[in-house]
Amino acid sequence: MNRLTAYLNDLFLRLYVRLQVFAAQEPVRLRAALTSAVLALAFVFPSISASVAERVGFVGAVALPILVGESARSRVTPTSDDK
């Protein structure tokens, strides 16, 4: 039983780190995935209200870029006109 618990803990930590790396490297894709997941859940479970979707949208659109940092946004937004 301890081996199973250790394996699940290791798996959780690996997924958590991968999610952090993904959020830092691909903030736009992460926001799109979160939005799609909320819309899919709202379709499957109609009891999810608009306030829940609004809160998830807030986290995806406002809080996530702040948490990830300015460096991730600068990778997505062009900063110079190199022609």
_Tell me every residue that passes side chain to side chain donor-acceptor pair (under 3.5 Å) with Y7, counting only those two or more places apart in sequence or in another chain._
none
*Hydrophobic cluster partners of F12 (side-chain heavy atoms under 4.5 Å)*: L13
*Spacing of L4 atom CG and L11 atom CG [to the nearest 0.5 Å]*: 10.5 Å
*Can you tell me which residue pairs pass the salt bridge (Lys or Arg N to Asp or Glu O under 4.0 Å) test with a partner in residues 12-25, sequence neighbours excluded?*
D10-R14
